[in-house]
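Encoded as structure tokens, the structure appears first; notes follow it.
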Amino acid sequence: MERGSAWTIASAIFSCQASPTRPSGPNPLPFPDWATYNTAPMESARPRASLQTIGCRLNQAETALLADRLRQDGYDLVEPGHRTDLLVLNTCSVTDHAESDCRYVVRRTLQQSPHAFVAVTGCYAQTGAEALSLMPGIDLIVGTQFKMSLPNLLPPPQALRKRPAPHLMHSRTIDRDDFVLSGAGDYDSKRANLKIQDGCNFMCSFCLIPFARGHERSRQMDDTLREATALTDRGHRELVLTGVNLGRYAQDGRTLLDLIRRLEQIPSLDRLRISSIEPTTVSDDLLEHMATSPKLCRHLHLPLQSGDDGILQAMNRRYRVRDYAAFVEKARGLMPDIGLGTDVMVGFPGEGEREFSNTLALLSDLPLAYIHVFSFSPRPGTAAAGLPGQVDPAIIRTRSKALAELARAKRLAFDQAYVGRTVRVLFETPNDEGLWNGLTHNYIRVGTRSERDLTNQFMPVEITGVMDGLAVGLLQ
């Protein structure tokens with residue numbers, strides 16, 4: 001649960017219905033009168049919960065913490081598509097697909113489990129609560145302020161019933177204080193996400209996240225170390241640091257690099273990875289540490305968004321093309337083997353042929369390992385939503401295709417450079433073709449055949465060839 005007493009949280013709630021107080025339980029919060037229109041009993045002795053995530057790695061980290069809590073509360077966790085008594089859906093609001101994605105997951109779940117209680121949280125529950133309240137089948141909507149308290153807001157398992165209208169737990173105000181989180185994420189994957197930061201103050205003109213998640217705040221260092229230790233004790237050998245604006249981590253005068261150095265002292269942690277990070281927030285000290293650290297992966301995902309200075313200015317990005325290119329070259333100079341990835345947005349208002357050509361040329365020149373391509377999606381309430389010069393969707397599709405082809409070529413070229421070399425791979429699971437696959441420190445996905453169980457093992461592999469998205473090789 002994020003920091004703040006239950007009564008402080010309760011005082012900020014506004015609801016679409018009257019909410020008598022729940023009589024008992026940890027951290028009691030105002031609890032709705034669970035009048036039902038569906039009294040079908042649960043089919044199993046233990047309640048089942050399905051948790052699904054739409055969106056980013058940070059959402060995944062939060063879903064894993066909610067899963068951990070629900071398991072402790074006596075729920076059996078089931079995979080999507082299985083019959084369930086409870087659906088917890090953690091949503092996204094980055095693109096205009098959020099509503100349709102949410103509707104699809106709810107509808108699909110209720111086709112399989114028509115009596116399932118549906119609780120929706122996440123960024124879309126914060127920015128689109130009114131739209132969600134009109135969506136059939138939803139029973140509880142939980143905004144950002146109360147997301148990590150969601151298990152406390154559920155009815156008792158024996159009272160999980162469909163409701164005639166959703167109950168809303170929402171606040172326009174989101175805490176700005178540094179926070180703690182209870183439990184440790186419940187992951188099936190061998191790599192685990194570790195949430196260390198939330199919120200953003202940068203206010204890029206296309207981005208809804210500051211409205212969905214609030215101002216920058218950081219996780220208390222001691223609490224971060226506690227969960228990290230718990231995750232490695234469960235057998236996770238790689239942790240991935242997650243947040244909205246990771247490089248702005250600041251807790252009692254300590255920086256992201258200070259936190260990384262403390263995490264590296266955990267004996268059972270083999271590898272630490274930084275997820276997407278703003279290029280202007282990566283210090284020289286952090287780069288130099290990455291170049292020499294035996295645990296910190298030589299991998300940076302640095303969102304670019306556009307290769308044209310005019311578009312970057314309209315986006316309210318905090319760098320220009322030459323700044324970004326200089327940073328990439330500096331990182332590559334310190335670490336020739338670093339894996340560098342980026343995000344690029346196609347079709348931002350005002351992007352003409354010249355602006356797009358500038359982006360295509362820059363991405364072609366930069367020593368990138370991979371590129372994620374996104375189409376501009378006007379988000380209501382953001383500055384970019386009302387800008388002139390909106391780009392025709394057909395043009396956006398054509399440009400996206402060109403960038404996707406470049407992205408494929410970049411990935412193949414980066415992987416191809418490792419043919420004949422031996423790399424260290426942390427293996428996860430077999431893929432659909434029966435190849436064991438895993439990642440190198442610099443984010444090359446490697447596949448190999450083996451009769452042995454390679455799950456969660458570091459193994460040397462000689463790369464013998466590459467295909468789309470996968471380097472293949474032989475165990476050494």
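- Minimum interatomic distance between Thr382 and Arg379 (heavy atoms only, all atoms of both residues): OG1-O, 2.7 Å.
- If you check the side chains of Asn442 and Arg298, you find no donor sitting under 3.5 Å from an acceptor.
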Begin from the C-alpha positions of Glu227 and Arg219 and carry the test salt bridge (charged side-chain N to carboxylate O under 4.0 Å, His left out) through to its verdict. CA-CA 11 Å; Glu227 188 188 359; Arg219 186 172 182 178; 2.6 Å; yes
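- A donor-acceptor contact closer than 3.5 angstrom links the side chains of His299 and Arg273.
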Worked check of side-chain contact (heavy atoms from CB on, under 4.5 Å) between Val88 and Leu70: CA-CA 10 Å; Val88 175; Leu70 290 174; 4.1 Å; yes
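- Taking CG from Leu475 and CZ from Phe427, the interatomic distance works out to 5.5 Å, rounded to the nearest 0.5 Å.
- Atom-to-atom distance recorded for Thr127:OG1 and Leu132:CG is 8.0 Å, nearest 0.5 angstrom.
- Looking at Leu208 and Cys123, their side chains never come closer than 4.5 Å, going by heavy atoms from C-beta outward.
- Taking the centre of each ring, Tyr443 and Tyr370 come in below the 6.0 Å mark.
- At a cut-off of 3.5 Å, with distance as the only test, no side-chain donor of Gln60 or Arg57 sits close to an acceptor on the other residue.
- At a cut-off of 3.5 Å, with distance as the only test, a side-chain donor of Arg108 or Gln52 sits close to an acceptor on the other residue.
- Of all heavy-atom pairs between Cys92 and Val94, the closest is SG-N, 3.3 Å.
- Here His170 and Phe146 keep their ring centres 6.0 angstrom or further from each other.
- Of all the heavy atoms in Gly143 and Thr121, the pair that sits closest is O-OG1, 4.3 Å.
- Taking the ring axis of Tyr104 as reference, the NZ or CZ atom of Arg107 does not stay both within 45° of it and closer than 6.0 Å to the ring centre.
- Side-chain atoms of Glu351 and Ser306 include no donor-acceptor pair closer than 3.5 Å.
- Looking at Thr53 and Thr63, their side chains do bring a donor and an acceptor atom within 3.5 Å of each other.
- For the pair Phe206 and Arg317, the minimum side-chain heavy-atom distance is below 4.5 Å.
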What verdict does the side-chain hydrogen bond (donor to acceptor under 3.5 Å, both in side chains) test give for Glu428 and Ser189, after you've listed the backbone C-alpha separation in whole Å, the side-chain angles of each residue and the deciding distance to 0.1 Å? CA-CA 7 Å; Glu428 299 169 15; Ser189 61; over 6 Å; no
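- When side chains are defined from C-beta on, Leu256 counts as touching Ile277, because their heavy atoms get closer than 4.5 Å.
- Distance check, rounded to the nearest 0.5 Å: NE2 of His301 to CG of Leu368 gives 10.0 Å.
- Proximity of Lys195 to Leu181: side-chain heavy atoms (C-beta onward) are separated by under 4.5 Å at one or more points.
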